[in-house]
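Because only heavy atoms are used, hydrogens play no part in the values below, and waters and symmetry mates are left out as well, while side chains stay in.
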Amino acid sequence: MSRDGADDADGRWAGLAILVMTAHRDLATLEAAFAAGADDYLSKPVVPVELVARAGAHVERTRLQRALSERDPLTGVNNRWTVERSLTYL
């Protein structure tokens with residue numbers, strides 16, 4: 001697992017949260033997962049409510065970060081990057 005972007009040349013997966021689920025509970029595995037770029041870590045057996053809550057939190061955080069990165073926080077107007085990206089689709 002790596003977040004170096006080698007498999008994401010077009011940026012489709014930028015900002016994607018990586019949740020690691022494993023039966024391993026040792027500190028070395030936990031440290032390795034986070035060192036490799038994991039955003040969260042769940043040990044098996046996974047409690048479904050916990051998985052849904054954690055995934056939902058990551059999705060909401062990503063949505064808010066994208067919204068903030070696309071608009072000027074002071075004016076609410078789309079920033080230059082968002083406008084230029086939109087123009088490429090015309």
Open item on the list: Whether the side chain of Ser86 engages the backbone of Thr82 through a donor-acceptor N/O pair (distance < 3.5 Å, no angle test) should be reported.
Closed with: yes
Open item on the list: I'd like to know if Leu42 and Val49 are part of one continuous hydrophobic network [Ile/Leu/Val/Met/Phe/Trp/Tyr, side-chain heavy atoms within less than 4.5 Å].
Closed with: no
TODO: Give the minimum heavy-atom separation between Leu16 and Asp39, together with the two atoms involved.
DONE: O-OD2, 3.8 Å
TODO: Assess whether side-chain contact (heavy atoms from CB on, under 4.5 Å) is satisfied between Val20 and Phe34, documenting all intermediate values.
DONE: CA-CA 9 Å; Val20 174; Phe34 284 117; over 6 Å; no
Open item on the list: By the salt bridge (charged side-chain N to carboxylate O under 4.0 Å, His left out) test, which pairs, at least two apart or in different chains, include something from residues 69-84?
Closed with: Glu70-Arg85, Arg80-Glu84
Open item on the list: Would the distance check show the side chain of Arg25 and the main-chain N or O of Lys44 forming a donor-acceptor pair, the cut-off being under 3.5 Å?
Closed with: yes
Open item on the list: I need the His24 NE2 to Tyr41 OH distance, nearest 0.5 Å.
Closed with: 7.5 Å
Open item on the list: Under a plain distance cut-off of 3.5 Å, with no hydrogens placed, do Asp40 and His58 share a side-chain donor-acceptor pair?
Closed with: yes
TODO: Spell out, as yes or no, whether a donor-acceptor pair under 3.5 Å connects the side chain of Asn79 to the backbone of Ser69.
DONE: yes
